[in-house]
Amino acid sequence: MTTASEPRVPGLEIRSIDYVPLDERHGKLWHLGPLWFMSNAQIATLAVGLIGITEGGNLLWSLVAIVGGTVIGTFFMAFHSAQGPQLGLPQMIQSRPQFGYVGALLVWLFAFLQYAGFNVFNTILAGDALHTTLHGGVKSWVVVVTLAAFAIALVGYDVIHRAERILTYTFLVVFGIFTVGVLVNLHYPPGSFDLGGFRWTPFLAQFGVVAGYQISWAIYVSDYSRYLPPDVTVRKTFYWTYFGSALGGVWLMTLGALLAAWAGRDFETIRSIDAAGDTVFDGFGAIVLLFAALGLVSVTALNMYGGSLTLISGVDSFTRVRPTLAVRLVTLGVTAALSLVGALAATSHFLQNFNDFLLLVLYLFIPWTAVNLMDYYVVRRGHYAIAEIFNPRGIYGRWGLHGIAAYLVGFALMVPFFSVGDLYVGPAARALGGADISLFVGLPVAALLYWLLTRSIDVEAEQRLAEAEAEGLEQAAREHREP
């Protein structure tokens, strides 16, 4: 096994959903920090910090909700990160032990919708930012951004890590100056920092969206830690992921709340950033937007990369897929094309309802993360027969009824607590004045039910099978055949 900081196999990444053998493990644990910091430190995240203000809350309590939601949501997301080095697998393929070889399609479909939806929003924001600064038309820039992100995602894992590190260093300078300008130069309405201005509904709306947004990263996490050697500790993997993501999220969401409170009804993401930047000096708003566009290119690449893995996983549920560069190229192309078509066809109506889309997608992953983490840390305690994950007739079965049942029950019990703008307000949420506490229902219910349903699993037998198959697993991976 090697722990060198550079990959042993140069060029384009070939591996996708397959197991990464020990002799290809590489990288430094601290690289997770800047990757997850920069993944969150981009202006799509800024939009998540608007909810409390737009729902009628004051600035102080919106900021408290942002910090609280980040602390809670990132906790679950970061625990997924430790799965990557231990299993050597991307995140979503790990759903098979809980949901089954075919049953995992349930969550993969939702994951692909999330990747596509976020990319529509990201590329439109980037196109708008570039058009505002360089002109040329929003749709033309959407095409450029999509192609640039496709190129990064095609090269793969290592270039994504490297790009995020470079962007992190630049971000600290550009957005550091911008943040100081926002704090010093902008004026906020009376009552913005009034402790007596607390209101449950906007507070819980902001808290829930932030926590859910952080949990939504759970479907990505081990994609970007799976090449690390397995001797990195769970604790350190958790810390680098947690603090990177949490700091990036709190920073940008706080900026979103500050800008929304300052601009009021005149708030528009790109125009408000430009105007606030120009309070530092004329033209600085354009510099901020140009850098923000680069950040959106990088996170669009992350979504394409994850979308490709999810699409390959889905196809593999019907017919075995040998991991090759051609497979990556085709699935990345399909993922990029779908998001591009969506972005070019999108209207301002879509952008206005982004927060509703965000809530709906995040609801779908709250019970999934509960089931996945309960299985990994409590039920199977990190012990999986990895070769069986790629065996349609293996020990995990085609349909994981325990996982599916826990997921569906957890989701069903969340529905009365949903509060999605004008789309749907459940009876429990209505009784609470529109406050959404579905997160606090779905997570514990799905986790506890899954634990109860899986008490009969013979984990020791699975571990013995994993040990028996370990040598063959490594050999198959080195020869680049299934798994």
Side-chain angles (χ1 to χ4, degrees), residues 12-13 16 38-39 42-47 90 92 108-157 159-160 163-164 167 216-217 219-220 223-224 268-270 289-315 325-358 360-361:
L12 302 180
E13 183 182 4
S16 56
M38 197 61 223
S39 296
Q42 35 84 21
I43 61 175
T45 304
L46 182 148
M92 294 311 294
W108 291 342
L109 173 62
F110 301 152
F112 194 77
L113 288 175
Q114 176 175 309
Y115 288 126
F118 279 147
N119 265 2
V120 170
F121 186 66
N122 292 334
T123 53
I124 291 175
L125 268 182
D128 196 3
L130 290 167
H131 171 67
T132 299
T133 54
L134 302 177
H135 310 297
V138 173
K139 291 187 176 180
S140 297
W141 283 115
V142 165
V143 175
V144 172
V145 167
T146 302
L147 292 175
F150 172 81
I152 294 170
L154 179 61
V155 179
Y157 179 96
V159 75
I160 291 173
E164 297 290 40
L167 286 171
S216 76
W217 286 110
I219 68 172
Y220 302 66
D223 296 356
Y224 297 101
E268 293 181 17
T269 303
I270 300 301
L289 288 178
L290 286 172
F291 177 77
L294 293 177
L296 289 166
V297 170
S298 72
V299 79
T300 300
L302 259 75
N303 284 326
M304 287 185 188
Y305 186 89
S308 168
L309 295 175
T310 301
L311 191 55
I312 295 170
S313 300
V315 174
L325 179 59
V327 169
R328 289 194 66 241
L329 179 63
V330 170
T331 53
L332 279 170
V334 170
T335 306
L338 287 175
S339 61
L340 179 60
V341 169
L344 295 178
T347 65
S348 59
H349 184 68
F350 169 83
L351 295 177
Q352 291 166 2
N353 288 285
F354 173 68
N355 289 325
D356 292 342
F357 161 80
L358 187 62
L360 289 170
V361 171

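Note that the structure is a prediction, hence the values are computed from the model and not measured.
Considering NE2 of H131 and CD1 of I124, their distance stands at 13.5 Å, rounded to 0.5 Å. For the atom pair CG of N122 and CD1 of I43, the computed distance is 9.0 Å after rounding to the nearest 0.5 Å. Distance CG/N119 to OG1/T335: 9.0 Å, rounded to 0.5 Å. Between L296 atom CG and T123 atom OG1 the span is 9.0 Å, to the nearest 0.5 Å. Once rounded to the nearest 0.5 Å, the distance linking CG of L154 with CG of L325 reads 6.0 Å. A distance of 12.0 Å separates CG in L332 from CD1 in I152, rounded to the nearest 0.5 Å.
At least one donor-acceptor pair under 3.5 Å links the side chain of W141 to the backbone N or O of H135. A distance-only check finds a donor-acceptor pair linking the side chain of Q42 to the backbone of A44 [under 3.5 Å].
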Exercise. Apply the test side-chain hydrogen bond (donor to acceptor under 3.5 Å, both in side chains) to residues E164 and S298: give CA-CA distance (whole Å), side-chain angles for both, the deciding distance (0.1 Å), then the verdict.
Key: CA-CA 7 Å; E164 297 290 40; S298 72; 3.2 Å; yes
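Of all non-hydrogen atoms in I270 and L125, the two that sit nearest each other are CD1-O, 3.8 Å. Contact between F150 and G333 at its shortest, heavy atoms only, is CE1-N, 3.6 Å. Among all heavy-atom pairs drawn from S16 and R328, the shortest one is CB-CG, 4.2 Å. Heavy-atom minimum distance, A153 versus A301: CB-O, 3.7 Å. Closest heavy-atom contact between S39 and V299: O-CG2, 3.8 Å.
Residues passing the ring pair (Phe, Tyr, Trp, His ring centres under 6.0 Å) test with F291: none are found, sequence neighbours excluded. In this view, Q114 satisfies the side-chain hydrogen bond (donor to acceptor under 3.5 Å, both in side chains) rule with no residue, not counting sequence neighbours.
No side-chain heavy atom of F110 sits under 4.5 Å from any side-chain heavy atom of I219. Two residues are said to be in side-chain contact when any heavy atoms from C-beta on lie closer than 4.5 Å; L338 and V341 fail this criterion. Within the 4.5 Å cutoff, the side chain of L113 has no heavy atoms near those of the F118 side chain. Put simply, the side chain of T146 reaches to within 4.5 Å of the side chain of M304, judged on heavy atoms.
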Side-chain atoms of residues 307-314: list all donor-acceptor pairs with protein atoms under 3.5 Å, sequence neighbours left out, distances to 0.1 Å.
from : atom 1 : to   : atom 2 : distance (Å)
S308 : OG     : T331 : OG1    : 2.7
T310 : OG1    : G306 : O      : 3.0
S313 : OG     : L309 : O      : 2.8

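Aromatic ring centres of Y220 and Y305: separated by at least 6.0 Å.
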